[in-house]
Asker: 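Would you mind keeping the following structure in view while I ask a few things?
Here is the naming used below: chain letters follow the sequence lines, and residue numbers restart at 1 for every chain. This one's a predicted model, so the numbers in the text were calculated from it and none came from an experiment.
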Number of protein chains: 2
Amino acid sequence: MHWSRWGDPAQAAPLTQSAFALVDAFIGTSDSPAVDPADVTLSAPLAADLLSGLAELVGSEHVLTDHETRLHRTRGKSTPDLLRLRGGDGSDSPDAVVRPADHDEVAAVIDWCVAHQVALVPFGGGTSVVGGLVARREGYAGVVSLDLVRLDQLLAVDLDSMTATLEPGLRGPQAEALLAGHGLTLGHFPQSFEYASIGGFTVTRSSGQSSAGYGRFDSLVVGLRVATPRGELVLGSSPANAAGPDLREVIMGSEGAFGVVTAVTVRVRRVPDVRVYETWRWGSFADGAAAMRTLAQAGVLPTVLRLSDEAETAINLARPAEVGAGPASSGGCVMVTGYEGTREALDARRAACSTLLSGLGGTPLGEDTGWAAGRFHGPYLRDSMLDVGVLVETLETVTFWSRLEQVYDAVRAALVDTLGEGTLVLCHISHVYETGASLYFTVAAKQGRDPVAQWRSAKAAASDAMIDNGASITHHHAVGQDHKPWLAREIGPVGVRMLRALKAELDPAGVLNPGVLVP
Amino acid sequence: MHWSRWGDPAQAAPLTQSAFALVDAFIGTSDSPAVDPADVTLSAPLAADLLSGLAELVGSEHVLTDHETRLHRTRGKSTPDLLRLRGGDGSDSPDAVVRPADHDEVAAVIDWCVAHQVALVPFGGGTSVVGGLVARREGYAGVVSLDLVRLDQLLAVDLDSMTATLEPGLRGPQAEALLAGHGLTLGHFPQSFEYASIGGFTVTRSSGQSSAGYGRFDSLVVGLRVATPRGELVLGSSPANAAGPDLREVIMGSEGAFGVVTAVTVRVRRVPDVRVYETWRWGSFADGAAAMRTLAQAGVLPTVLRLSDEAETAINLARPAEVGAGPASSGGCVMVTGYEGTREALDARRAACSTLLSGLGGTPLGEDTGWAAGRFHGPYLRDSMLDVGVLVETLETVTFWSRLEQVYDAVRAALVDTLGEGTLVLCHISHVYETGASLYFTVAAKQGRDPVAQWRSAKAAASDAMIDNGASITHHHAVGQDHKPWLAREIGPVGVRMLRALKAELDPAGVLNPGVLVP
């Protein structure tokens with residue numbers, strides 16, 4: 001992962017001439033290069049006596065303080081995170097990076113952090129876009145990044161129960177490769193798939209592009225092993241039960257603030273024989289959304305279901321590689337449907353969906369490979385836009401169907417009102433439920449003099465609009481530092497008390513990812 | 001509800017001559033009548049000054065201490081509960097019954113209980129079979145039953161989102177009748193359906209006979225309003241989100257120990273046009289279970305799916321009205337499949353399931369009305385057996401498919417070892433998931449001199465077998481007092497700390513259903 005950009009530098013996607021012209025005309029551009037990585041100012045490394053204490057636990061080769069290692073574990077991948085790094089501000093860097101080998105070493109490092117009042121930030125893929133990797137420093141003897149990269153095993157496969165037990169440091173592709181050896185797949189493909197980790201998926205309640213077919217990540221999890229300052233927590237007797245509150249649902253979404261997940265048992269599926277993606281056109285976003293609602297409520301869903309609004313359709317963001325190459329369709333809204341499975345099941349499912357979609361007024365545009373080819377490519381575009389001085393960021397929410405249009409209007413209005421004329425707001429729906437759906441916004445605007453502050457006020461206005469209209473502050477990006485004030489409004493003072501009580505009980509010294517999640 | 005039996009006395013089902021002969025031959029019988037209800041000894045009523053305090057909150061007509069009202073709210077409907085009442089022991093009765101009108105009155109009664117150190121037991125349908133209505137008395141100025149019967153409104157219907165907001169005191173049939181006025185159904189039909197309440201379904205994680213098609217009750221819930229000693233808790237911005245731990249999953253399963261649920265927003269479905277039930281025969285329980293697993297993992301499930309083991313098939317328990325009338329099939333195991341929906345969807349689903357089942361070696365026995373007619377009738381049989389001195393009780397568990405046979409064997413062995421020769425253990429699977437399934441046992445044995453103690457030791461042995469073999473202590477009966485020691489083993493010491501921390505935070509005075517749930 002590039003230190004201040006998304007992903008693999010070899011896959012960087014400079015704007016095409018036509019895309020640049022489009023951006024220049026609509027928003028305006030200016031050359032905005034990043035500083036040299038060597039010039040980024042990091043925090044002071046952890047004190048030598050503390051480092052040797054950690055080395056006794058995990059081996060000195062797994063306690064790192066060099067500039068590059070710490071730089072790569074500084075903050076996450078939100079636009080403010082990137083902007084700060086590009087400007088040379090690495091003040092939120094960890095003071096050391098520790099790489100434990102297994103559950104016992106994770107537990108030992110946690111105990112050590114409690115004993116030495118050192119803040120611990122679990123690190124999986126480093127792809128947080130909500131400040132989930134930015135711990136509070138005040139009151140601590142230092143901040144350590146707990147890199148889970150060595151917890152990378154497929155621990156068990158149960159073909160009867162169709163479950164697999166995975167270690168948290170496995171990145172998406174590593175996990176899929178190990179499972180593929182058994183003919184299995186998680187089917188979890190968020191845009192961050194190539195870098196994000198099993199542990200991160202778990203503690204942030206990730207949701208992937210194939211959620212209509214495979215479910216959200218939290219719906220895949222049936223078992224957890226967690227290292228906490230209070231000792232080991234092992235959950236997961238069964239798919240579902242009535243044995244009190246479901247404590248798995250407390251660890252999921254806990255973002256490293258209650259403990260460190262060291263193993264996850266997940267539902268798996270057979271690797272599909274066939275994958276087919278196709279596109280449909282709708283007269284309007286409302287028509288397409290109503291069709292999605294009909295599919296979800298009829299229980300007839302494709303594996304992938306995504307609908308771009310008019311603006312996103314016009315700019316062709318569903319196919320990142322083709323942005324600016326001219327719209328694929330003549331107006332309206334483009335929907336991507338994807339089907340995966342055995343040939344027979346796929347054909348039956350596709351026929352049922354297509355009949356419904358046609359009946360509701362959708363126009364089939366045929367099979368499509370553009371979306372699938374570019375499905376993980378979106379974030380690279382942002383870097384190219386930041387290079388030319390354009391502020392680009394995404395945000396997302398979820399609510400019930402009856403409030404969806406109202407939330408869509410309110411969030412768009414909040415963004416445009418705050419960022420001013422020329423702001424581009426694109427939106428798509430990519431996760432649907434019987435009772436509601438997500439909204440995912442991409443925003444582009446001319447950068448002001450302080451783009452971090454500029455985005456902070458736009459984000460605050462959009463977040464207010466979500467909460468004021470009864471939506472959630474996040475469908476799948478989690479809470480981190482950035483969403484905390486709105487989480488407090490979403491769950492109210494009694495809900496905040498519940499989170500604080502769990503935090504105080506599980507982490508009485510407050511060393512686990514301090515400042516994250518718990519309002 | 002009868003004071004010491006299940007359900008409506010008019011529906012009582014004395015054993016037929018052939019059933020009696022069967023029971024007499026296999027287990028042995030003796031006349032075991034109940035005492036007169038007037039002779040049951042209850043606790044002393046609440047002190048007069050406390051009663052007048054409550055009357056100020058809800059009106060004196062809604063504060064009751066008469067013998068009959070308190071008798072009917074004494075304990076739940078487990079066999080030990082019934083045996084104690086039949087013997088005249090009403091020592092766990094509430095000292096008063098309070099009937100608040102709405103959320104605000106519930107909150108006021110909670111505050112009053114905190115101020116006066118009075119234990120509060122929320123009461124919905126009174127159908128707990130795990131001691132969920134038996135509060136600890138020690139340390140309290142009294143025990144009050146909070147009867148939610150007046151919170152019986154359908155508060156809202158959202159046809160776009162396909163959700164409805166219901167008050168907790170609604171019994172199953174009341175809720176269905178109100179929803180039917182909008183063409184809607186919950187599809188939640190546990191055996192206790194005719195008496196159990198919406199609030200009870202929620203806080204016990206109930207699961208109904210149509211769970212394969214409609215889902216467990218906890219999967220229907222999208223929003224909650226809860227009155228707690230710390231104030232009001234309102235949850236439910238969306239179907240699912242990444243806004244931290246899912247606190248709905250903490251209230252679900254909380255059994256009145258964390259707060260009183262005063263409104264529940266649930267996913268609803270259209271009332272089905274057609275319902276078809278049919279039976280299949282399998283050579284063995286293992287073959288039938290493997291077929292269920294195949295259906296669940298293929299995502300091709302009927303609305304109802306239930307498989308009796310050889311013993312339950314032989315005795316015909318799937319059709320309670322026909323028990324003892326001779327087996328419906330010649331050996332093997334009977335499976336009930338049910339389909340509900342529009343004609344077209346039903347036919348397609350049924351064809352897909354039937355193809356799979358035939359291919360796996362099932363023999364179709366044709367359409368069936370016996371199961372559906374008797375689906376809520378099972379509990380009446382128990383009373384008739386208790387009348388003739390036979391100990392009858394049920395227990396249930398859930399685990400992953402790979403452990404199912406091992407758990408089945410272990411629980412049966414534990415029951416037979418403890419209760420001795422002549423013990424009849426019947427079992428069925430009635431809730432399936434991709435990764436596992438439930439096991440529901442019915443046990444019949446000759447009553448000893450102390451049948452409550454006799455059952456307690458059998459239940460303990462069976463519960464040990466569940467936990468020792470990695471299963472859950474309960475699939476859908478909840479925890480109450482009876483399962484608490486095994487819950488502690490299931491979630492471990494850190495899990496217990498989490499529950500205690502939530503309890504201490506939400507109910508610092510400890511007045512909410514003390515002794516229930518939290519180990």
Asker: Between Glu255(A), His476(A), Arg269(A), who has the most heavy-atom pairs with chain B when the cutoff is under 4.5 Å?
Answerer: Arg269(A)
Asker: If you count heavy-atom pairs under 4.5 Å with chain B, which of Leu233(A), Asp218(A), Val130(A) comes out on top?
Answerer: Leu233(A)
Asker: Please determine, among Ala348(B), Pro493(B), Gly492(B), Ala478(B), the option with the most heavy-atom pairs under 4.5 Å with chain A.
Answerer: Ala478(B)
Asker: Looking at Ile467(A), Val398(A), Val479(A), which makes the most heavy-atom pairs under 4.5 Å with chain B?
Answerer: Val398(A)
Asker: Please identify, among Arg267(A), Met162(A), Met252(A), the residue contributing the most non-hydrogen atom pairs under 4.5 Å to chain B.
Answerer: Arg267(A)
Asker: When you look at CD of Glu405(A), are more than 12 heavy atoms from neighbouring residues, nucleotides or ligands closer to it than 6.0 Å?
Answerer: no
Asker: Who wins among Thr163(B), Val300(B), Val518(B), Val222(B) for the most heavy-atom pairs under 4.5 Å with chain A?
Answerer: Val222(B)
Asker: So for Thr474(A), is it side chain, backbone, both, or neither that comes closer than 4.5 Å to the heavy atoms of chain B?
Answerer: both
Asker: Could you have a look at Ala243(A), Ser219(A), Ala501(A), Gly231(A) and say which one has the most heavy-atom pairs with chain B under 4.5 angstrom?
Answerer: Ala243(A)
Asker: Heavy-atom cut-off 4.5 Å, strictly under: side chain, backbone, both or neither for Glu232(B) against chain A?
Answerer: backbone
Asker: Please classify the contact of Ile251(B) with chain A as side chain, backbone, both or neither, using a heavy-atom distance under 4.5 Å.
Answerer: side chain
Asker: How close do Asn241(B) and Ser472(A) get, counting heavy atoms only, and between which atoms?
Answerer: CB-OG, 3.4 Å
Asker: Please look at Ala471(B) and chain A and tell me whether the side chain, the backbone, both or neither of the residue comes under 4.5 angstrom of a heavy atom of that chain.
Answerer: backbone
Asker: Answer yes or no: is there a donor N or O on one side and an acceptor on the other, between the side chain of Gln297(B) and the main chain of Asp160(A), under 3.5 Å?
Answerer: yes
Asker: Can you say whether Leu506(B) sits under 4.5 Å from chain A via the side chain, the backbone, both, or neither, judging by heavy atoms?
Answerer: side chain
Asker: Can you tell me how far CG of Leu502(A) sits from CG of Leu502(B), rounded to the nearest 0.5 angstrom?
Answerer: 4.0 Å
Asker: Side chain, backbone, both or neither: which part of His477(B) has a non-hydrogen atom closer than 4.5 Å to chain A?
Answerer: backbone
Asker: Pick one of side chain, backbone, both or neither for Arg293(B), based on which atoms fall under 4.5 Å of a heavy atom in chain A.
Answerer: side chain
Asker: Which one of Leu517(B), Leu487(B), Leu499(B), Ile491(B) has the most heavy-atom pairs closer than 4.5 Å to chain A?
Answerer: Ile491(B)
Asker: Select one option (side chain, backbone, both, neither) describing which atoms of Phe400(B) are under 4.5 Å from chain A's heavy atoms.
Answerer: both
Asker: By the definition salt bridge (charged side-chain N to carboxylate O under 4.0 Å, His left out), identify the one residue from Arg497(B), Arg500(B), Lys503(B) that meets it with Glu505(A).
Answerer: Arg497(B)
Asker: Chain A: which of Gly436(B), Pro245(B), Gly253(B) shares the most heavy-atom pairs with it under 4.5 Å?
Answerer: Pro245(B)
Asker: Can you tell me which portion of Val250(B) sits under 4.5 Å from chain A's heavy atoms? Options are side chain, backbone, both or neither.
Answerer: both
Asker: Spell out, as yes or no, whether a donor-acceptor pair under 3.5 Å connects the side chain of Arg205(A) to the backbone of Ala240(B).
Answerer: no
Asker: Of all the heavy-atom pairs spanning Thr399(B) and Ser237(A), show the shortest one and how long it is.
Answerer: OG1-O, 3.4 Å
Asker: Okay, side chain of Ser402(A), backbone of Asp158(B): is any donor-acceptor separation there less than 3.5 Å?
Answerer: no
Asker: Atom CZ in Arg403(B), atom OG in Ser161(A): separation rounded to 0.5 Å?
Answerer: 7.5 Å
Asker: Atom CD of Glu434(B) and atom CG of Leu220(A): how far apart are they, to the nearest 0.5 Å?
Answerer: 9.0 Å
Asker: Go through the atoms of Arg230(A) and report whether side chain, backbone, both or neither lie under 4.5 Å from a heavy atom of chain B.
Answerer: both
